[in-house]
Amino acid sequence: GHGNSHWSYADKAEWASDFPHCGGHMQSPINIETGAALFSPQLEPILLPDYSLPPREMLRLQNNGHTVVLDLPRNLTLTGGGFPQPYQAAQLHLHWGSALKPGSEHTVDGHRYAGEIHVVYYSSHFDTIQEAMVEPGGLAVLAAFLQVGSEENEPYQHILEHLNDVHEEGEETWIPAFDVAKLLPDDLSRYFRYNGSLTTPPCYQTVNWTIFNQTIRLSPDQISLLEDTLHGDEDELIQDNFRLPQSLQGRSVLASFL
Ligand SMILES: NS(=O)(=O)c1c(F)c(F)c(SCCc2ccc(C(=O)O)cc2)c(F)c1NC1CCCCCCC1
Ligand SMILES: [Zn+2]
């Protein structure tokens with residue numbers, strides 16, 4: 001974990017006392033008011049060049065007590081998107097709710113989606129994510145909303161079929177590599193953009209956020225598997241692992257589309 005004090009989503013009101021950045025003025029997530037988003041033509045499509053990986057390659061999947069994390073090869077690059085420089089992949093993880101309520105971190109016009117994927121990158125100006133994550137613009141996170149649909153989402157099965165192997169906090173397993181770009185929407189040209197923070201302590205305000213307009217559909221069984229498999233502290237189910245919306249405090253949300 002981060003910092004010397006353990007944190008949980010139950011005591012998110014206290015985060016700022018243990019992690020000062022969590023009380024800052026550029027925090028995430030936020031509610032995106034589509035009507036107030038500013039169209040910015042310089043926001044070109046996001047480019048994820050050649051994400052197909054050899055299936056012999058294995059990727060580490062871990063339950064860190066707060067979410068399920070898939071470590072990514074750093075040679076997967078993020079470019080385009082009006083970014084000042086390329087970013088290198090670090091990891092992806094998910095946020096979700098429970099059977100009773102949805103669990104996305106960002107909301108759109110007050111609507112919370114069933115879940116949200118975050119693909120975390122760090123600026124190619126740095127050698128490690130530890131150096132990058134304390135610098136403004138050091139991190140870029142690609143976010144997409146998960147919705148309940150009728151069909152099974154095959155790319156997501158690459159992760160979901162291994163959740164049982166990491167159902168306890170601290171467990172990890174290795175899964176065959178696959179094209180992780182398939183976990184994101186097809187349309188990488190329509191997205192919202194704003195500057196914010198990690199949504200977890202230490203809440204560093206160093207994240208360039210991209211939230212895709214197109215959502216991802218998972219079957220009801222896939223969403224339930226995500227909600228009902230992973231355990232964290234005291235063998236409690238990890239559910240509702242989302243932070244509440246933070247105020248914009250004067251920030252603008254940009255849109256790559258009209
Ligand atoms: N939405 S988010 O991107 O802010 C985010 C969360 F909301 C998260 F909840 C998480 S998981 C909780 C933070 C954490 C705990 C343990 C470890 C570890 O043992 O390595 C690592 C991280 C989580 F990992 C991340 N992303 C991480 C933030 C931690 C520091 C930088 C590493 C990559 C991004
Ligand atoms: Zn996240």
Side-chain angles (χ1 to χ4, degrees), residues 1-12 15-16 18-19 21-22 24 26-30 59-74 76 78 87-97 102-107 112-123 126-146 159 163 166 168-173 180 183-184 194-212 216 226 230-233 236-246:
H2 288 266
N4 46 18
S5 68
H6 202 68
W7 60 275
S8 78
Y9 282 99
D11 58 25
K12 52 196 151 193
W15 287 3
D18 298 327
F19 303 93
H21 296 282
C22 299
M26 285 179 49
Q27 289 292 291
S28 295
I30 60 167
L59 301 176
R60 187 179 72 144
L61 189 72
Q62 51 165 339
N63 170 348
N64 68 14
H66 304 279
T67 182
V68 57
V69 182
L70 185 66
D71 290 347
L72 297 175
R74 65 178 64 184
L76 296 182
L78 166 61
Y87 286 80
Q88 309 304 131
Q91 52 110 296
L92 66 84
H93 62 271
L94 303 171
H95 297 268
W96 59 88
S104 67
E105 291 225 283
H106 290 86
T107 54
R112 188 176 300 281
Y113 289 90
E116 191 168 327
I117 181 172
H118 289 160
V119 190
V120 183
Y121 296 81
Y122 64 96
S123 166
F126 305 97
D127 291 335
T128 66
I129 189 165
Q130 282 72 20
E131 290 168 81
M133 67 183 179
V134 295
E135 302 291 336
L139 298 181
V141 179
L142 299 183
F145 296 115
L146 311 179
I159 292 173
L163 286 192
V166 293
E168 282 183 27
E169 178 175 12
E171 286 188 308
E172 65 180 54
T173 187
V180 297
L183 299 173
L184 291 171
Y194 79 99
N195 289 318
S197 73
L198 295 175
T199 64
T200 178
C203 306
Y204 294 137
Q205 301 185 125
T206 57
V207 181
N208 182 309
W209 280 95
T210 298
I211 298 109
F212 292 109
I216 292 154
L226 183 57
L230 299 171
H231 294 76
D233 278 350
E236 293 251 308
L237 268 179
I238 302 177
Q239 294 186 330
D240 304 329
N241 58 348
F242 60 91
R243 188 187 193 187
L244 293 178
Q246 306 295 304

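Every number for a ligand or one of its atoms is a count from 1 in the order of the listing. We count residues from 1, following the sequence as given.
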Using a 3.5 Å distance criterion without hydrogens, assess whether the side chain of Ser28 forms a donor-acceptor pair with backbone atoms of Ser197. yes
Per-atom contacts, ligand 1 versus Ile129 - under 4.0 Å to a heavy atom: 32 (C), 33 (C)
With heavy atoms only and a cut-off of under 4.0 Å, state how Gln91 meets ligand 1: side chain, backbone, both or neither. side chain
Set of residues satisfying side-chain hydrogen bond (donor to acceptor under 3.5 Å, both in side chains) with respect to Gln91, sequence neighbours excluded: His93
Are any of the side-chain heavy atoms of Leu198 and His21 separated by less than 4.5 Å? no
Measure across Asn241 and His66 and return the closest heavy-atom pair with its distance rounded to 0.1 Å. ND2-O, 2.8 Å
May I ask you to test the Cys22-Arg243 pair for a side-chain heavy-atom distance under 4.5 Å? yes
Sequence neighbours left out, what passes side-chain hydrogen bond (donor to acceptor under 3.5 Å, both in side chains) with Asn63? Give chain and number order. none
Mark up the atoms of ligand 1 that fall under 4.0 Å of a heavy atom belonging to Leu198, in ascending order. 4 (O), 28 (C)
Atoms of ligand 1 under 4.0 Å from any heavy atom of Tyr9, numbered from 1 in the order shown, are 7 (F), 9 (F)
Proximal ligand 1 atoms for Met133, defined as those under 4.0 Å from one of its heavy atoms: 30 (C), 31 (C)
Would you mind finding which of Val120, Thr200, Val207 brings a heavy atom closest to atom 28 (C) of ligand 1? Thr200
Shortest-distance N, O or S atom of His118 relative to the Zn ion (ligand 2): ND1
